[in-house]
2 protein chains.
Amino acid sequence: MGELPGQPDPARRSRTPLSRQRVLSAAVALADEGGADALSMRKIAQRLGVVPMALYKHVANKDELLDGMIDTVVGEIDPPVEGADWRSTVRLRVLSARRMLLRHPWAPAVIETRMKERPAPTPAVMAYLEGMIGVFRAGGFSLDLVHHAMHVMGSRLMGFSQELFTDSPSSAAASSPPPEEMAARYPNIAELAGAVAHEAGSVVGGGCDDQYEFEFALDLTLDGLERLRNAAATAD
Amino acid sequence: MGELPGQPDPARRSRTPLSRQRVLSAAVALADEGGADALSMRKIAQRLGVVPMALYKHVANKDELLDGMIDTVVGEIDPPVEGADWRSTVRLRVLSARRMLLRHPWAPAVIETRMKERPAPTPAVMAYLEGMIGVFRAGGFSLDLVHHAMHVMGSRLMGFSQELFTDSPSSAAASSPPPEEMAARYPNIAELAGAVAHEAGSVVGGGCDDQYEFEFALDLTLDGLERLRNAAATAD
DNA sequence: ACCTGAACACCGTTCAAGT
DNA sequence: ACCTGAACACCGTTCAAGT
């Protein structure tokens, strides 16, 4: 990759100064090659020609490194195409997400673990969800139906996964950014979260019933399968 | 839990001799409490009042321990109910799988990783898939449609997950048990695998096109969403 | 023959000592 | 003030020494 000569370079010392992005890129490359198990702070440092402690200037710890890695790869997903109908747009974007996951096989398990341990998704995941909600809204889906649609898509949105995010108002409110800033940056998410909070406002801690959403998605899938079976039987 | 007194018991030594099942149970309990990260051979041994090396008599290594843990929790999923229609049966069983995963939050990520690294699913996963295929078959689904159905269910079958198994003939054949024994133990899987291998027999390494299956499942979901949206618009 | 303690090659991260 | 080596508390697993 263009080794500039005429420099001391003892033991592959990096001339470009270390940066968070360089650390994350090295970490992603390492995980791509050997899986999440092969990833260690010490190996990342070694690959960058740097002492392990140097990494801690750019990432707080390994957890924060993993968050950064997720953000990096989710950021690789193509943005929504312009001027197409909602269905083609969702389809293309989900297929782009799938291609990303095929490039980074370690990502699903890491995201799965991360989403379960941490309340707030990373910025790139938020942006991805934001864009997807926007496409559904522009396609004429009601807020209620977008809410269901996001849950139904769930496992497909990232090509896998149980739940991409927990959208109960409490956990969303517990996240770092203040509500106004979040509403400005992610208007569709904010609008949806507001509607969801209102919808089941009477129930304590209301908002989103994961169990209901899971069954809703399941039943929709079963409906499709049954329809296919009946069509095949009729065509005989 | 019924501590029998009048025994030496120095430092909680186990009187019941160590067994593979006791090791796996302790490991599952540990992971349930502290997540997969909190799981270590040394901590399992400590909890069993045993020296770490003693575990290696019952599990070859940590990878094999994880396989055993998966088998244990998948074995907790209810068997198919008798005498109900296919749809109720699948529905109940998938909901049972989801309840199991809620009890063992570490399981999805571990299964995800495991399935990606290893070719052959554990016996309990095989039995689970076997039962599910049987239900679809008894419900009048053609082999072709069962094949699609298993892929569509994919992420729901375990309440998550990209692909539960790779059903390309090559990888299936590479698994340990000889084809006849596998056909005897898992007739539905064997029948399906045979049909799939035949179906695309002309294609080199034929069998199952993951990309096609993913898009098939995605399109089915999208169809359902579109139908719902149109129904909601008409009802206005 | 069986069991097990010490040892080895790793971890992530702290912290004090160097510049 | 910044950087970094040594150190600490862990890992999974090997292996030789004990019974």
Side-chain angles (χ1 to χ4, degrees), chain A residues 7-20 22-70 72 106 109-110 113-114 117-118, chain B residues 8-20 22-70 106 109-110 113-114 117-118:
Chain A
Q7 212 126 5
D9 193 0
R12 187 164 295 285
R13 164 178 276 112
S14 60
R15 60 232 55 144
T16 42
L18 214 51
S19 72
R20 183 178 161 84
R22 266 180 27 95
V23 171
L24 294 179
S25 296
V28 168
L30 210 53
D32 287 350
E33 290 163 23
D37 288 347
L39 188 76
S40 82
M41 300 298 277
R42 289 165 126 107
K43 284 202 198 118
I44 297 166
Q46 188 185 18
R47 171 165 300 217
L48 290 167
V50 136
V51 79
M53 284 313 99
L55 301 179
Y56 286 80
K57 189 112 291 172
H58 302 96
V59 291
N61 49 41
K62 198 178 184 184
D63 275 359
E64 215 249 339
L65 173 90
L66 290 171
D67 283 346
M69 290 172 69
I70 291 173
T72 299
W106 50 269
V110 172
T113 303
R114 223 84 223 110
E117 288 175 3
R118 305 242 174 167
Chain B
D9 194 1
R12 186 165 296 284
R13 165 178 275 113
S14 61
R15 60 233 53 146
T16 42
L18 214 52
S19 71
R20 182 178 162 83
R22 267 180 29 93
V23 172
L24 293 180
S25 296
V28 167
L30 210 54
D32 287 349
E33 290 163 24
D37 288 347
L39 188 76
S40 81
M41 300 299 278
R42 288 165 126 110
K43 284 201 198 119
I44 297 166
Q46 187 185 19
R47 170 165 300 216
L48 290 167
V50 136
V51 80
M53 285 313 99
L55 302 179
Y56 286 81
K57 189 114 293 174
H58 302 96
V59 291
N61 49 42
K62 199 177 183 184
D63 275 359
E64 215 249 339
L65 174 88
L66 289 171
D67 284 345
M69 291 172 69
I70 292 174
W106 50 270
V110 172
T113 304
R114 222 86 224 107
E117 289 175 3
R118 304 240 175 169

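Here is the naming used below: chain letters follow the sequence lines, and residue numbers restart at 1 for every chain.
Among the nucleotides dT13(C), dG12(D), dT14(D), the one closest to the side chain of Met53(B) is dT14(D). Considering only the side chain of Val51(A), dT4(D) comes nearest among dC3(D), dT14(D), dT4(D). Looking at the side chain of Tyr56(A), the nearest of the listed nucleotides dC3(D), dG12(D), dG12(C) is dG12(C). Taking every side-chain heavy atom of Ser40(A) into account, dC11(C) is the closest of dG5(D), dC11(C), dC3(D).
With salt bridges taken as basic N to acidic carboxylate O contacts below 4.0 Å, one links Arg47(A) and Glu33(A).
For the pair Leu39(A) CG and dG12(C) C1', the computed distance is 12 Å after rounding to whole Å. With rounding to whole Å, Asp37(A) atom CG is found 12 Å from dG12(C) atom P. With rounding to whole Å, Glu64(B) atom CD is found 15 Å from dT13(D) atom C1'. Across the protein-nucleic acid pair, Asn61(B) atom CG and dG12(D) atom P stand 11 Å apart, rounded to whole Å. Look at CG on Leu18(A): it is 10 Å from P on dT4(D), rounded to the nearest Å. Rounding to whole angstrom units, CG of residue Asp63(B) and P of dG12(D) are separated by 11 Å. Whole-Å rounding puts the Lys57(A) NZ to dC3(D) C1' distance at 7 Å. Look at CD on Gln46(B): it is 17 Å from C1' on dT4(C), rounded to the nearest Å.
Between Leu39(A) and Leu66(A) there is a side-chain heavy-atom pair separated by less than 4.5 Å. In this structure, Met41(B) and Pro52(B) have side chains that are not in contact, with every pair of non-hydrogen atoms separated by 4.5 Å or more. Contact of the Asp67(B) side chain with the Val59(B) side chain is not registered, since no non-hydrogen atoms from C-beta on lie closer than 4.5 Å. Residues Trp106(A) and Val28(A) meet the side-chain proximity criterion, which asks for heavy atoms closer than 4.5 Å. Inter-residue side-chain proximity for Arg114(B) and Asp63(B) is flagged as met; some heavy-atom pair is nearer than 4.5 Å.
At least one side-chain nitrogen or oxygen of Lys43(A) sits closer than 4.0 Å to the OP1 or OP2 atom of dC11(C).
To the nearest 0.5 Å, the span separating CG on Leu48(A) from NE2 on His58(A) amounts to 10.0 Å. Note that NZ of Lys43(B) is 6.5 Å distant from CG of Leu30(B), once rounded to the nearest 0.5 Å.
Not a single donor-acceptor pair under 3.5 Å links the side chain of Gln46(B) to the backbone N or O of Arg42(B).
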Mind running side chain to side chain contact (heavy atoms under 4.5 Å, CB included) on Ile44(B) and Leu65(B) for me, showing each step along the way? CA-CA 11 Å; Ile44(B) 297 166; Leu65(B) 174 88; 3.7 Å; yes
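Between dG18(D) and dC8(C), the two P atoms lie 16 Å apart (nearest whole Å).
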Identify the pairs formed between an N or O of the protein and an N or O of nucleotides 16-19 of chain C at a distance under 3.5 Å, and give each distance.
none

Base-pair map of DNA chain D as dot-bracket, where | denotes pairing with a different strand and pairs are Watson-Crick or G-U under 3.5 Å: ||.|||||...|||||.||
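Backbone-only engagement by Met41(A) is indicated by non-hydrogen atom pairs under 4.0 Å involving sugar-phosphate atoms exclusively.
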